[in-house]
Amino acid sequence: MNEKTAGSGRTSVVSEQVVLEGEIHGEENLHVFGRIRGAIRIDGDVLVGRTGVVEADVEAANITVEGTIRGNVLAREHLEIQSSGTMIGDIAARSIDIKEGSSFEGRSRMLRQPASQPSVAQPPTAAEPPEQSKTAASEVPEETPPKSEAGGEA
Amino acid sequence: MAWFKKAKTDRQSPEPRPPQESGIAVSTNTTHLGPGLRIRGNVAGKDPIRIEGRLEGDILLESELVILPAARLQGNLKAPRMTVGGTVEGEIESSGNLHIQGSAVISGNIRTPKLKIGEGAVINGRISMDS
């Protein structure tokens with residue numbers, strides 16, 4: 001599923017016994033089984049494997065956490081925290097899937113769908129604080145269950 | 001009969017290799033930094049590393065380091081075994097074999113006990129070979 005949004009389809013790997021301290025940019029997918037400290041900003045997808053520890057702000061299309069991320073995360077598409085995953089930091093994503101057993105400490109913010117959620121949603125008022133859960137709840141019409149967004153995505 | 005056997009194994013052997021591209025999370029003990037990546041920072045570790053992208057920073061490795069022709073590195077490199085096919089600006093130190101391919105462009109001093117240089121390599125720097 002991740003391949004669709006991946007920029008190039010190429011995948012780089014940081015293996016278990018490797019430590020990288022610094023900034024990573026680029027157009028690839030990145031699989032992290034080792035340790036990265038710094039910042040990651042890529043066009044492709046990021047997978048943090050079970051042994052992976054990322055102490056960095058991460059921006060990518062899809063982000064899957066099976067290991068640990070300490071830092072703020074922005075998934076332009078989908079963020080998934082697997083049951084083995086630990087996420088400490090704020091997350092922002094278009095859709096979020098947090099599995100049972102995972103651990104997550106931080107705030108969550110949903111990115112707007114550009115086209116598929118049209119006029120009903122008023123443009124966000126400037127006064128509104130970024131506490132997204134409130135905003136989202138107030139916008140959802142009563143008959144639709146609040147899950148619908150995540151369910152439709154998956 | 002022997003013919004068939006051979007043909008089969010030949011056909012099978014290339015199959016298991018490509019899964020690197022499949023995008024599935026297969027844990028591997030090799031680090032690969034692809035051509036689409038730009039990295040500013042230092043890398044250290046015990047797994048083999050193959051680099052095709054750009055790196056500004058030092059590499060200190062306890063395993064094999066392969067710098068592919070597309071790679072551009074600025075920084076000091078230290079590994080027990082090394083193959084350099086790309087562009088390196090910085091010191092290169094290897095405690096074992098150092099293979100500089102013909103595609104390599106190196107500016108910086110080189111220290112290694114065992115050296116092999118391919119035709120066409122460009123090296124600007126001092127080479128010292130002490131064992």
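We name chains A, B, ... by the order of the sequence lines, and we start the count at 1 in each one.
At most 12 non-hydrogen atoms from other residues, nucleotides or ligands lie less than 6.0 angstrom from NZ of B/Lys114. Crowding of A/Arg76 atom CZ: a count of heavy atoms from other residues, nucleotides or ligands under 6.0 Å exceeding 12.
B/Arg38 pairs in a salt bridge (charged side-chain N to carboxylate O under 4.0 Å, His left out) with only one of the listed residues (A/Glu23, A/Glu28, A/Glu27), which is A/Glu27.
At a 4.5 Å heavy-atom cutoff, A/Ile36 makes no contact with chain B through either its backbone or its side chain. Residue B/Leu55: no heavy atom, backbone or side chain, is found under 4.5 Å from chain A.
For the pair A/Val14/B/Asp47, no side-chain contact is recorded, criterion being any heavy-atom separation below 4.5 Å from C-beta on. Taking the side chain as every heavy atom from C-beta outward, A/Val19 and B/Val43 never approach each other to under 4.5 Å. For the pair A/Leu20/B/Asn42, no side-chain contact is recorded, criterion being any heavy-atom separation below 4.5 Å from C-beta on.
Residues A/Glu21 and B/Arg40 are not paired through a salt bridge, judged by the lack of any N-O separation under 4.0 Å between the basic side chain and the carboxylate.
Under the 4.5 Å side-chain contact rule for hydrophobic residues, B/Leu60 and B/Ile51 do not share a cluster. Under a hydrophobic clustering in which Ile, Leu, Val, Met, Phe, Trp and Tyr are joined whenever their side-chain heavy atoms come within less than 4.5 Å, directly or via other members, B/Val122 and B/Ile117 fall into different clusters. Under a hydrophobic-cluster definition in which Ile, Leu, Val, Met, Phe, Trp and Tyr are linked whenever side-chain heavy atoms come within less than 4.5 Å, directly or via other members, B/Leu98 and B/Met129 are assigned to the same cluster. Under the 4.5 Å side-chain heavy-atom criterion for grouping Ile, Leu, Val, Met, Phe, Trp and Tyr, B/Val66 is not connected to B/Ile100 through any hydrophobic cluster. One hydrophobic cluster holds both B/Leu73 and B/Ile127 under the rule that ILVMFWY side chains link at heavy-atom gaps under 4.5 Å.
The backbone N or O of A/Ser15 sits less than 3.5 Å from a side-chain atom of B/Thr31, completing a donor-acceptor pair.
Nearest heavy-atom pair, A/Thr11 versus B/His32, reported as atom, atom and distance to 0.1 Å: O-CD2, 3.9 Å. Of all heavy-atom pairs spanning B/Gly34 and A/Ser12, the tightest one is N-OG, 2.6 Å. In this structure, A/Val13 and B/Leu33 approach most closely via the heavy-atom pair O-CD2, 4.3 Å.
Looking only at heavy-atom pairs under 4.5 Å with chain B, the residue among A/Gly22, A/Gly49, A/Ala39 that has the most is A/Gly22.
Applying the under-4.5 Å side-chain rule to Ile, Leu, Val, Met, Phe, Trp and Tyr, the cluster around A/Val53 consists of that residue alone.
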